[in-house]
Amino acid sequence: QGNYCYIGEGSTFTVLDVSNPSAPSPIGHLAMPGLVQDVVVFTNSGRQYAAVADDDAGLQIVDVTTATAPALRGYYNTGDEALGVAVFGTNAYVANGNSGVMVFDISNPIQPRLLGSLATGYSDKLAVQASSCSVFVYVSAGGALAVVDVSTPSNPVLRGQTSAITTRWAPHSLAVS
């Protein structure tokens, strides 16, 4: 964070030093068990981690505290294609292909723990945002947008869903403001 950029190159997790924006350079690599689909960085107990949606290898947790030596620390086999990931507080949210949205407790990054899930249709990317009284996950679901209330992580609730926004392509990114 700040001086580093984290990217997936096929099945390789790569750390780049971007402290000099005119000369970004790769400084760390880690072979992953699946294809890196999405990456988000979070902090836990003073250490830096990356939550990685790693396709058929599920949710992977990489310790990036030492940027030159990223290390796999935890994982959860999601049983489908982990395609998108977001973190809010001590929870990770995974867009998990045909299985929909999964919610994990990552307060212990070495042992991600499944808290709840919800079938939303084919889930590909997601974003999480808190309001004054709820936490919502916005997920691209089979060409539509699903809004899932995850205020109670063990019981995600579908609050709304559009009809298909596109019939030709599934959205592969989204942002909420």
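Computed over heavy atoms, backbone and side chain alike; hydrogens, waters and symmetry mates excluded.
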Asker: Examine distances only and state if a side-chain atom of T120 and a backbone atom of G100 form a donor-acceptor pair shorter than 3.5 Å.
Answerer: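 Absent.
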Asker: Hey, does the side chain of D80 reach the backbone of N98 with a donor-acceptor pair shorter than 3.5 angstrom?
Answerer: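 Between the backbone of N98 and the side chain of D80 there is a qualifying donor-acceptor contact (under 3.5 Å).
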Asker: Within a strict 4.5 Å, meaning less than it, do heavy atoms of the I106 and P112 side chains meet?
Answerer: yes
Asker: Determine, using the 4.5 Å side-chain heavy-atom cutoff (strictly less than), whether V62 and L35 are members of one ILVMFWY cluster.
Answerer: no
Asker: Name all residues meeting the side-chain contact (heavy atoms from CB on, under 4.5 Å) criterion together with T14; count only those two or more places apart in sequence or in a different chain, and write none if there are none.
Answerer: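 Result, side-chain contact (heavy atoms from CB on, under 4.5 Å) vs T14: I7, E9, T12, L16, P26, H29.
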Asker: Going by side chain to side chain donor-acceptor pair (under 3.5 Å), name the residues that satisfy it together with D149, two or more places apart in sequence or in a different chain.
Answerer: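 With neighbours one apart ignored, the set is S151, R159.
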Asker: Out of curiosity, L174 CG to L126 CG, how far, rounded to the nearest 0.5 Å?
Answerer: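 So the gap between those two atoms works out to 7.0 Å.
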Asker: Is any side-chain heavy atom of D105 closer than 4.5 Å to one of N91?
Answerer: yes
Asker: Which atom pair, heavy atoms only, marks the closest approach of G8 to V36?
Answerer: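 Smallest heavy-atom distance, with atoms named: CA-CG1, 3.5 Å.
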Asker: Is there a path of hydrophobic side-chain contacts, each under 4.5 Å between heavy atoms, that joins L118 and V128?
Answerer: yes
Asker: Identify the heavy atoms of P21 and S19 that sit nearest to each other, and give their distance.
Answerer: CD-O, 3.4 Å
Asker: Which pair of heavy atoms, one from L158 and one from A146, lies closest together, and at what distance?
Answerer: CD1-CB, 3.9 Å
Asker: Under a 3.5 Å cutoff, is there a donor and acceptor pairing between the side chains of T65 and Q48?
Answerer: no
Asker: Is there a side-chain contact between V135 and Y93 (heavy atoms, below 4.5 Å)?
Answerer: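 A side-chain contact under 4.5 Å exists here.
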Asker: Looking at residues at least two apart in the chain, or sitting in another chain, which of them share a side chain to side chain donor-acceptor pair (under 3.5 Å) with Q60?
Answerer: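 Once residues adjacent in sequence are excluded, Q60 has no partner under the side chain to side chain donor-acceptor pair (under 3.5 Å) criterion.
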Asker: If two hydrophobic side chains count as joined below 4.5 Å and joins carry through other members, does L114 share a cluster with V85?
Answerer: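 Yes: a chain of side-chain contacts under 4.5 Å links L114 to V85.
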Asker: Kindly determine whether F42 and I61 satisfy side-chain contact (heavy atoms from CB on, under 4.5 Å), including the steps that lead there.
Answerer: CA-CA 10 Å; F42 67 98; I61 305 296; 4.2 Å; yes
Asker: Would you compute the distance between atom CD of E81 and atom OG of S99 and round it to the nearest 0.5 angstrom?
Answerer: 9.0 Å
Asker: Output the distance between atom CE (M102) and atom CG (L115), rounded to the nearest 0.5 Å.
Answerer: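 Separation between the atoms: 10.5 Å.
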Asker: Any side-chain heavy atom of Y75 within less than 4.5 Å of one from M32?
Answerer: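 Not in contact.
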Asker: For the residue pair Q37 and A82, what are the closest heavy atoms and their distance?
Answerer: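 Where Q37 meets A82 most closely, the heavy atoms are CG-O, 3.6 Å.
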Asker: Looking at P156 and S154, what are the two nearest heavy atoms and their distance?
Answerer: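 Heavy atoms only, the tightest pair is CD-C, 3.6 Å.
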Asker: Do I27 and L72 sit in the same hydrophobic cluster, where Ile, Leu, Val, Met, Phe, Trp and Tyr count as joined when their side-chain heavy atoms come under 4.5 Å apart?
Answerer: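 In one cluster: yes.
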Asker: Measure the spacing between CG of D56 and CG of L83 and express it to the nearest 0.5 Å.
Answerer: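 Output value for this atom pair is 10.0 Å.
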Asker: With a 4.5 Å heavy-atom cut-off, do V64 and Y4 have their side chains touching?
Answerer: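 With C-beta onward as the side chain, the pair stays apart.
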Asker: If only atom types and distance count, is the side chain of N3 paired as donor or acceptor with the main-chain N or O of D17 below 3.5 Å?
Answerer: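 Not a single qualifying donor-acceptor pair exists.
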Asker: Taking everything shown except Q111 itself, do over 12 heavy atoms lie less than 6.0 Å from its CD?
Answerer: no
Asker: Does some side-chain heavy atom of D54 sit less than 4.5 Å from a side-chain heavy atom of P33?
Answerer: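 Side-chain contact under 4.5 Å: yes.
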Asker: Which heavy atom in Q161 sits nearest to a heavy atom in A144, and how many Å separate them?
Answerer: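 Reported closest heavy-atom pair: NE2-CB, 4.1 Å.
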Asker: Once you round to the nearest 0.5 Å, how far does CG of N96 lie from CG of L59?
Answerer: 9.5 Å
Asker: May I ask you to decide if A57's main-chain N or O and D55's side chain share a donor-acceptor pair within less than 3.5 Å?
Answerer: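 Side chain of D55 to backbone of A57, a donor-acceptor pair under 3.5 Å: no, none is there.
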Asker: Hydrophobic cluster membership, with links at side-chain heavy-atom distances under 4.5 Å among I/L/V/M/F/W/Y: are Y76 and V87 in one?
Answerer: yes
